[in-house]
Amino acid sequence: MTTPLAPLGVVYACVFLLAELFLITQNAGFFLTIWRVARGARAAARPAPEPPALVPGAYPRVAVLVVARHEPRDVLEPTVTTLRNLNYPAKDLFFLDDSTEERYIKEADELAVEYSLSVFRREKRHGAKAGIINDFLKTIDHPYVAIFDADQNPMPDFLLRVVPILEQREKLAFVQTPQFYTNLDVGPVAKAAGMQQAIFYEIICEAKGSNRSMFCCGTNVVFRRRALDEIGGFDEESVTEDFSTSLKLQYHGWDSYYYNHAEVFGMGPETLPVYFKQQMRWAAGTTNVFKKIPGYFVRGPKKLSFTQWREYFLSSSYYFIGLALFILMLSPIVNLLFDVTPFVGNVSLYLLTFLPYFFITQFLFILTMMDRKYSFSQIYHGVILTFLSVPIQMAAAVRGLFSKKKIFAITTKGKNVTLPFPMLIPYIAFMALSVVALAKGIVMYFVLHDHALVMNDVWVVHNLFICLNIFYFNKKIKLPQTAEEKTNGDPGRGD
Amino acid sequence: METRDEVIKKIERAVLTEENAVQLYARHLKAIMKWSGLAKKDRAEIEETLNILIRDSHCHAVALRGIRERLLKGGGDV
């Protein structure tokens, strides 16, 4: 790596530099987040503040919505049970069923009868979840609307804790609460997804909340109806309607609040196809909002504070991480196989600059999570799955930036599936290239005695190890039997 | 005063709650306790309490079903 850059090396160096700059920006954002959370007197270590009590007899009406499309009864029933158990006296439950398949419609109707729920369906589909909520809002006049996904189970006092916060602060558009996955023992994907949720809800959201830049996460949230009406309802143009609607609300002067209290539990994705589908939607949706942010900024730079703009920029650009990581992971292979050098420098300089940066960011992250009682194994699972999501995040980022076609797929849980072979090809190809590059690197080291080759080989081994994990995460798991399987005498999924 | 049918309906809902809800909350709480930072001994104690709640809930469901049967056999409102 001490020879001058070749023309192709210059091009690759630019791309490499952009990727590094992106990662440094995101890491700096994460560092500020950790700093803010730590400075906030270790708020997460303490219970969230007790909200004020409502005056008995003066409870504002809350419409509690559960939105579902093709969700099996096994997933819906616990949610409906917990919603019915909300000990808030002025609540009305509504089941917004967007299913088109007869089987799910029938199951939803049966549940509605058993649990005395009002079912809402619409004639014409538009805008997926945002669309059905907007259509439904036209039929009610409740001042508050609580929204839950089909697999989210709130504790009985959820509304008693959240509604008083909205009552106390008139400019609050919504109060978001965290979600905790409790199916972590099902398999490695659930464990890793649970860890990623924890990083998001326990650190990132806490900092965003204190920066007045918390965005809605689509579920476990209570909205002020007036705020939604003012901006024309949920944004139907985005696949992450929660994120884009939040930006719109804050742009129009509304505030948001993050109530970091474990009040809602749910199921995380259990298999790679389900996890990737979820990631694809989130990544494409937020990247799509990223495109809109410059327009918002030009139209009203003072409508959000500098911190709010920064937070929205970091969140909406986060999913470019797939592209950035891919460029970095490809670098040692490109260098070893094609002699394309992205930067010129000596090994000592590299060891003195990049490695401390790399280890400090890794240690800071690991220590922060361990401080929150997460085990090393959980953290490891979360990190590896992030790396394995690189191809999906890349595809989603490109789609979010350039495609007008929306992906409205809902991530149905509880099905035991694995990635088909064609989806494993990118990983296998990368591993094959890594092995060839590694072999060439070792041979060349014995010929040239260039220490830079050792550094490249180390990174190749690191990346190869990450990729090998695809087989660990993509295995069949033992899921509990569904009601249907029990009836049919099926021994269970995953066998 | 409530009609017999209304009371039976309420009892049926209560049975559903006893049968499903307590188990459900217990399952979630047991899972989340792993991340609580509580000592193993304290976690075991809480888990035992949750198990007692589940057992009690079964008893409540049986009792409620008994009342429902009696109401179904009787004729008038309550």
Side-chain angles (χ1 to χ4, degrees), chain A residues 44-47 73-87 111 113-117 151-158 178-186 190-191 194-195 197-199 201-202 261-268 369-375 377-379 480, chain B residues 2-65 67-69 71-72 78:
Chain A
R46 305 192 313 253
R73 189 190 166 107
D74 296 68
V75 173
L76 284 170
E77 196 160 7
T79 304
V80 172
T81 302
T82 51
L83 293 182
R84 274 206 56 246
N85 273 350
L86 288 171
N87 54 12
L111 262 185
V113 171
E114 275 174 52
Y115 288 88
S116 306
L117 293 174
D151 57 359
Q152 297 299 310
N153 305 160
M155 296 303 275
D157 60 347
F158 175 84
Q179 61 171 307
F180 289 92
Y181 293 158
T182 54
N183 57 340
L184 306 178
D185 293 334
V186 168
K191 189 175 181 177
M195 186 65 227
Q197 286 291 89
I199 297 165
Y201 282 110
E202 290 197 44
H261 194 271
E263 279 289 324
V264 190
F265 304 100
M267 283 162 63
M369 293 320 289
M370 286 181 113
D371 187 45
R372 305 277 171 127
K373 315 293 180 198
Y374 294 96
S375 68
S377 163
Q378 285 169 325
I379 301 167
Chain B
E2 288 185 274
T3 65
R4 191 181 67 140
D5 286 349
E6 281 168 346
V7 175
I8 287 173
K9 210 171 175 187
K10 280 188 176 172
I11 291 172
E12 281 169 352
R13 280 187 200 156
V15 171
L16 272 176
T17 303
E18 292 286 358
E19 283 178 338
N20 302 334
V22 176
Q23 283 198 49
L24 187 64
Y25 296 131
R27 197 183 73 209
H28 287 317
L29 292 172
K30 279 179 192 175
I32 211 73
M33 264 195 317
K34 286 177 196 164
W35 293 358
S36 65
L38 288 170
K40 248 188 182 175
K41 192 182 148 237
D42 295 335
R43 289 210 317 248
E45 238 171 67
I46 295 171
E47 241 177 78
E48 184 47 38
T49 310
L50 289 171
N51 289 337
I52 292 169
L53 278 175
I54 292 171
R55 285 198 293 273
D56 285 355
S57 252
H58 284 308
C59 299
H60 298 161
V62 171
L64 284 166
R65 273 203 208 91
I67 297 170
R68 180 178 168 275
E69 292 307 310
L71 278 172
L72 281 172
V78 284

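Quick note on labels: first sequence line is chain A, next is B, and so on, each numbered from 1.
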Any pair with a residue in residues 53-63 of chain B that passes salt bridge (Lys or Arg N to Asp or Glu O under 4.0 Å), sequence neighbours left out, goes on the list, sorted by first then second residue, please. B/Glu48-B/Arg55

Below 3.5 angstrom, are there any donor-acceptor pairs between chain B and chain A, and if so, which atoms and how far apart?
{"residue": "B/Arg13", "atom": "NE", "partner": "A/Ser116", "partner atom": "OG", "Å": "3.4"}
{"residue": "B/Arg13", "atom": "NH2", "partner": "A/Ser116", "partner atom": "OG", "Å": "2.3"}
{"residue": "B/Asn20", "atom": "ND2", "partner": "A/Tyr115", "partner atom": "OH", "Å": "3.4"}
{"residue": "B/Tyr25", "atom": "OH", "partner": "A/Asn85", "partner atom": "ND2", "Å": "3.4"}
{"residue": "B/His28", "atom": "ND1", "partner": "A/Thr182", "partner atom": "OG1", "Å": "2.6"}
{"residue": "B/His28", "atom": "NE2", "partner": "A/Asn153", "partner atom": "OD1", "Å": "2.7"}
{"residue": "B/Lys34", "atom": "NZ", "partner": "A/Asp185", "partner atom": "OD1", "Å": "3.3"}
{"residue": "B/Lys34", "atom": "NZ", "partner": "A/Asp185", "partner atom": "OD2", "Å": "2.3"}

Does any backbone or side-chain atom of A/Ala262 lie under 4.5 Å from a heavy atom of chain B? Answer side chain, backbone, both or neither. neither

